[in-house]
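Have a look at the structure below before the remarks.
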Amino acid sequence: MPLALAILLACTATDGDTLNCGGERVRLLGIDAPDLHGCRQGRQCVVGDGEAARQAIARLIGGAALRIGRVGHDSYGRTLAVVYADGANASCAMIAAGHAVYRRDWDNGGRVALDCPETAL
């Protein structure tokens, strides 16, 4: 199914895989980034620097023309979406930079894998 894209005016990075876009919490599709405040007991979390991941996505979206393709909502009420910054898939960029890992089970419709098959392994 074709993805309907909406142009976003301004977003900020909440963490390495979540944006705040005018009050809408947007979770990047198909990736998991390190947690900012450590891993809660009983969860399996991505290893890495959560603040570095947040800063990386902030640099990627800062000043960029953003487009969002909404695909649903997660269990926390966040919008699940493919986000493009100046035409580049933000999930793919975060994987390629080593700030996130690909999660096939979180890639609704395989959209991230289609955009960056070389990094979505």
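Model, not experiment: these values are computed from the prediction.
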Q) Would Trp106 end up clustered with Ile68 when hydrophobic side chains under 4.5 Å apart are linked, directly or stepwise? A) no
Q.
I'd like to know if the side chain of Asp86 reaches the main chain of Ala65, judged simply by a donor and an acceptor atom lying under 3.5 Å from each other, with no hydrogens or angles considered.
A. yes
Q) Which distance, rounded to the nearest 0.5 Å, do you find between the CG of Leu80 and the NE2 of His73? A) 7.5 Å
Q: Indicate the atoms forming the closest heavy-atom contact of Arg54 with Asp15, along with that distance.
A: CG-CA, 3.7 Å
Q. Looking at Ile57 and Ala90, what are the two nearest heavy atoms and their distance?
A. CD1-CB, 4.0 Å
Q.
To check you understand the geometry: which heavy-atom pair defines the closest contact between Ile95 and Thr119, and what is its length?
A. CG2-O, 3.4 Å
Q. How long is the span from the CG atom in Asp35 to the CD atom in Glu51, to the nearest 0.5 Å?
A. 13.0 Å
Q. Rounded to the nearest 0.5 Å, what separation is found between the CG atom of Leu19 and the CG atom of Leu60?
A. 9.0 Å
Q: Please lay out, stage by stage, how Val71 and Arg111 fare under the test side-chain contact (heavy atoms from CB on, under 4.5 Å).
A: CA-CA 10 Å; Val71 298; Arg111 290 174 172 92; 3.6 Å; yes
**Q.** Gap separating the CZ atom of Arg27 from the OG atom of Ser75, nearest 0.5 angstrom
**A.** 10.0 Å
Q. His99 and Pro34: which non-hydrogen atoms are nearest, and at how many Å?
A. O-CD, 3.3 Å
Q | Heavy-atom pair of closest approach, residues Arg70 and Ala81 | A | CA-CB, 4.0 Å
Q | Contact check, side chains of Tyr102 and Asp107, non-hydrogen atoms, under 4.5 Å | A | yes
Q. Between OG1 of Thr12 and CG of Asn20, what distance do you get to the nearest 0.5 Å?
A. 4.5 Å
Q. Applying the 4.5 Å side-chain criterion to the ILVMFWY set and letting contacts propagate, would Val112 and Val101 be lumped into a single cluster?
A. no
Q.
Is it the case that the side chains of Thr18 and Arg78 hold a donor-acceptor pair, with the cut-off being a distance below 3.5 Å and no angle test?
A. yes
Q) Does the Ser91 side chain pair with the main chain of Gly30, one donor and one acceptor, at a distance under 3.5 Å? A) no
Q: Can you spot which of Ile31, Asp32, Asp17 makes a side chain to side chain contact (heavy atoms under 4.5 Å, CB included) with Val46?
A: Asp32
